[in-house]
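Working notes, structure below.
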Amino acid sequence: MRAELLGFKIDTFNFENAVDYAKTISGQVVTINPEMMSNPDMIEIVNSAELVIPDGIGVELGLLVFGRNVRRIPGIQFAHRMIEECAKDGKTVALVGAKPEIIEKACENLKKEFEELNIVYSQDGYFNDDDRVLSELKENNPRLVLCALGSPKQELFIIKAKKLMPETLFIGVGGSFDVWSGVVERAPEIYQKLGLEWLYRTIKEPQRFKRIFPALPLFMLKVLRDRFVPKGV
Ligand code: UDP
């Protein structure tokens, strides 16, 4: 089932059902957040995805304004679980994105965590030749590709890639490799539980403030306007 928020279609699965569903499909998973939703160009991209999961408290609150009680699914946790499922099922995985030393460390840590994990391809996110990376990916034909290029770069890359690899599931994972590498910490659990991970990251990395901070309140204002102000006013 899907809900709609500011023109974006969002799936309303809980975490376990989203995992079960993702295991049966191929194509694109978008982990949507208010920052992404501030860009109207993203509507078409998001609405063409095979699965859209609400990543973050902003999207959860926005849906609540429209009477939809949907729990957020942190994208990083979802992607981590999908890796675990691939390891268990003997399915292959590829990682594309982040700085070279980061992706190397992230792969190393994941392999330590999941002994059975089969990473068939990894590529840092600072390449100029999309065609080279796409053809290398296609050659390896992994079941799962995690793509950490930031938004909308990762979504645009995935749109190209999914046309070439009809049996692969792609997830855009933003800054997840930085966390898995151990270089950037996830917020303490209390922030995660309260949905305030964005606040913690903003305090730790003040340069994010300019980007993230206006996005949330502006997003909530847009949602409230869309819900309560008659169209055309
Ligand atoms: N990144 C990349 N190539 C680029 C730009 C960014 O691989 O051309 C990586 C960057 O190193 C980081 C990730 O994309 O690991 C996501 O960055 P950010 O934290 O800005 O994304 P967010 O999670 O906020 O969408």
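Read the numbers this way: they start at 1 and go in the same order the structure lists the ligands and their atoms. FYI, the numbering just counts along the sequence from 1.
Between Arg71 and Glu60 a salt bridge is recorded (basic side-chain N to carboxylate O distance below 4.0 Å). Classification of Glu101 and Lys105 as a salt-bridged pair fails, no side-chain N sitting under 4.0 Å from a carboxylate O.
Checked against a 3.5 angstrom limit, the closest N/O atoms of Ala98 and ligand 1 fall inside it. Between Gly97 and ligand 1, no pair of N/O atoms sits closer than 3.5 Å.
In summary, the atoms of ligand 1 found under 4.0 Å from a heavy atom of Gly174, numbered by their order in the structure, are 13 (C), 16 (C), 23 (O). Ligand 1 places these atoms under 4.0 Å from at least one heavy atom of Lys153: 4 (C), 8 (O). Interface atoms of ligand 1 facing Asp178, defined by a heavy-atom separation under 4.0 Å, are 12 (C), 15 (O). Listed by atom number, the atoms of ligand 1 under 4.0 Å from Gly175 heavy atoms are 16 (C), 23 (O).
At least one side-chain heavy atom of Val65 sits under 4.5 Å from a side-chain heavy atom of Leu224.
At a heavy-atom distance under 4.0 Å, no atom of Glu35 approaches ligand 1. For Ala148, every heavy-atom contact with ligand 1 shorter than 4.0 Å involves the backbone, none the side chain. In Leu149, the parts holding a heavy atom less than 4.0 Å from any atom of ligand 1 are both the side chain and the backbone.
With Asn47 contributing its side chain and Lys9 its backbone, the two residues share a donor-acceptor pair below 3.5 Å. In this structure, Glu50 contributes its side chain and Gln28 its backbone to a donor-acceptor pair below 3.5 Å. Side-chain atoms of Arg143 come within 3.5 Å of backbone N or O of Lys23 as a donor-acceptor pair. Of the possible donor and acceptor atoms, one in the side chain of Asn39 sits under 3.5 Å from a partner among the backbone N and O of Asp41.
Within the set Tyr126, Phe127, Phe157, the minimum heavy-atom distance to atom 1 (N) of ligand 1 is found for Tyr126.
Not a single heavy atom of Phe177 lies less than 4.0 angstrom from ligand 1.
Of the listed residues (Glu85, Gln77, Glu84), just one forms a side-chain hydrogen bond (donor to acceptor under 3.5 Å, both in side chains) with Arg81, and that residue is Glu85.
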